[in-house]
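Step one of this worksheet: look at the structure below.
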Amino acid sequence: MGAPPKSVLARGLLLLDAFGATDVELTLAQLSARTGLPKPTAHRLVAELVAWGGLERTDGGYRLGMTLFVLGQRVPRQRSLREAALPYLEDLHEATHENVHLTVFDSTDTLFLEKVTGRRSMPIVSRVGGKLPAHCTASGKVFLALGPPAYLRQVLDAGLRRLTPRTVILPGLLRQDLDRTRERGYGINREESETGVVAVAAPVHDRNRRVIAALSIAGSAHRLDLERLAPAVRTAALALSREMATGS
């Protein structure tokens with residue numbers, strides 16, 4: 001880890017960015033360790049973030065605050081995308097009773113913009129606002145196979161992190177998987193980001209045929225027939241693509 005930034009704003013943002021995709025809360029000690037900020041400095045900045053609403057105090061430490069959620073709702077493109085996608089997500093969930101996601105590519109990760117789930121859905125780690133490495137998610141493979149070449153370069157430069165015994169961590173094998181994704185038009189994840197969980201994802205395009213998002217279905221490796229579900233996901237993604245192209 002390099003030296004922490006000097007500006008107060010940059011240090012505050014560093015504290016917010018310390019929260020990973022699966023972190024519900026962090027202690028002051030964890031925030032200090034992850035950012036490289038001295039504890040007294042971290043404590044002072046955390047207090048200011050709490051006052052602003054970017055962080056909230058918990059019994060064990062701190063969690064991200066509602067002010068960040070409110071700001072996120074003001075991002076025009078993502079808000080319109082989520083609003084347009086929700087009926088398709090709900091239809092897919094009604095048909096499958098599985099976890100259904102709307103995702104976008106973010107740096108080297110799959111970012112979950114929306115999730116529809118229910119009592120009959122298998123509990124999985126994905127959550128709205130959470131991230132998983134793109135190379136081991138069905139949606140991420142869609143972005144890497146069908147998006148700009150820069151996406152794949154970013155992921156390979158960052159290194160292929162192993163999340164499960166089935167995670168693909170060799171660049172050559174990942175490229176082969178992406179070739180298959182490109183040929184069939186949808187991405188598949190077979191227990192690569194979470195043991196026991198599989199997923200299938202299809203691309204959402206804008207009017208210029210650029211991949212702007214993906215829809216996915218995820219659930220139990222013992223229950224889901226990904227090839228059977230793929231046409232439904234592709235049909236929903238195509239319908240959403242047409243709506244986004246018309247409205248954009």
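Numbers for residues simply follow the sequence, beginning at 1.
For the atom pair M66 CE and E56 CD, the distance stands at 7.5 Å (nearest 0.5 Å). The CD atom of E243 sits 10.0 Å away from the OG atom of S80 when rounded to the nearest 0.5 Å. Expressed to the nearest 0.5 Å, how far CG of L224 lies from CD of E98 amounts to 4.5 Å. L31 contributes atom CG, which lies 5.0 Å from atom CG of L26 (distance to the nearest 0.5 angstrom). Here CZ of R162 is found 13.5 Å from OG of S193. Values are rounded to the nearest 0.5 Å. To the nearest 0.5 angstrom, L81 atom CG is 9.5 Å from T103 atom OG1.
For CZ of R120, the number of neighbouring non-hydrogen atoms (other residues, nucleotides, ligands) closer than 6.0 Å is 12 at most. The local environment of CD in E94 is sparse, with at most 12 non-hydrogen atoms from other residues, nucleotides or ligands closer than 6.0 Å. Residue-environment remark: CZ (R161) stays at or below the threshold of 12 foreign heavy atoms within 6.0 Å.
Here the closest heavy-atom approach between residue L92 and residue A236 is recorded as CD1-CB, 3.8 Å. H205 and S241 get closest at one heavy-atom pair: N-OG, 2.8 Å. The two residues F19 and V24 have their closest heavy-atom pair at CE2-O, 4.5 Å. The two atoms that bring G54 and L16 nearest to each other are O-CD2, 3.8 Å, heavy atoms only. Minimum heavy-atom separation, A201 to A138: CB-C, 3.6 Å. When every heavy atom of T110 is checked against every heavy atom of S139, the shortest pair comes out as CG2-CB, 4.0 Å.
In the hydrophobic clustering of ILVMFWY residues, with side-chain heavy atoms under 4.5 Å counting as a link, V142 and Y88 come out apart. F105 and L215 fall into different hydrophobic clusters, where Ile, Leu, Val, Met, Phe, Trp and Tyr side chains are chained together by heavy-atom contacts under 4.5 Å. Taken together through direct or relayed side-chain contacts under 4.5 Å among Ile, Leu, Val, Met, Phe, Trp and Tyr, V104 and V116 form part of one hydrophobic cluster. Two different hydrophobic clusters hold I124 and V128 under the rule that ILVMFWY side chains link at heavy-atom gaps under 4.5 Å. Placement of V233 and L113 within a single hydrophobic cluster is found when ILVMFWY residues are connected by side-chain heavy-atom separations under 4.5 Å, directly or transitively.
In this structure a side-chain-to-backbone donor-acceptor pair under 3.5 Å is present from Q30 to T27. Counting only distance, with no hydrogens or angles, the side chain of R34 and the backbone of A18 share a donor-acceptor pair below 3.5 Å. With hydrogens and angles disregarded, no donor-acceptor distance shorter than 3.5 Å links the side chain of N208 to the backbone of R210. In this structure, the side chain of E25 does not engage the main chain of T58 through any donor-acceptor pair within 3.5 Å. Formation of a donor-acceptor pair under 3.5 Å by the T181 side chain with backbone atoms of D177 is found in this model. Judged by distance alone, with hydrogens and angles left aside, the side-chain atoms of R234 form no donor-acceptor pair with the main-chain N or O of A237 at under 3.5 Å. In this structure a side-chain-to-backbone donor-acceptor pair under 3.5 Å is present from R207 to A245. The main-chain N or O of T167 is never found under 3.5 Å from a side-chain atom of H135 such that the two would form a donor-acceptor pair. At distances below 3.5 Å, not a single donor-acceptor pair connects side-chain atoms of S216 with backbone N or O atoms of V200. Between the side chain of K115 and the backbone N or O of S126 there is at least one donor-acceptor pair closer than 3.5 Å.
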Could you walk me through whether R57 and V50 pass the side-chain contact (heavy atoms from CB on, under 4.5 Å) test, one step at a time?
CA-CA 7 Å; R57 287 190 180 90; V50 168; 3.4 Å; yes
Would you check, one step at a time, whether the test side-chain contact (heavy atoms from CB on, under 4.5 Å) holds for K141 with E192?
CA-CA 11 Å; K141 292 179 187 180; E192 297 161 52; 2.7 Å; yes
Audit row: L226, Y186, side-chain contact (heavy atoms from CB on, under 4.5 Å) steps and yes/no:
CA-CA 10 Å; L226 300 181; Y186 59 88; over 6 Å; no
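Shown are L174, L173, L170; of these, the side chain to side chain contact (heavy atoms under 4.5 Å, CB included) with L160 is made only by L174. When each of D109, T108, D106 is paired with K131, the side chain to side chain donor-acceptor pair (under 3.5 Å) condition holds for D106 and for no other. Of the candidates R175, Q176, R182, R182 is the only one forming a side chain to side chain donor-acceptor pair (under 3.5 Å) with D179.
Side-chain contact between V198 and I188 is absent, with no heavy atoms from C-beta onward closer than 4.5 Å. Using a 4.5 Å cut-off on side-chain heavy atoms (C-beta onward), F143 and T137 make no contact. Residues L163 and L132 are in side-chain contact: their nearest non-hydrogen atoms beyond the backbone lie under 4.5 Å apart.
Residues N99 and T117 have side chains that bring a donor and an acceptor to within less than 3.5 angstrom of each other.
For residues 109-132, the pairs satisfying ring pair (Phe, Tyr, Trp, His ring centres under 6.0 Å) are H101-F112, with sequence neighbours left out.
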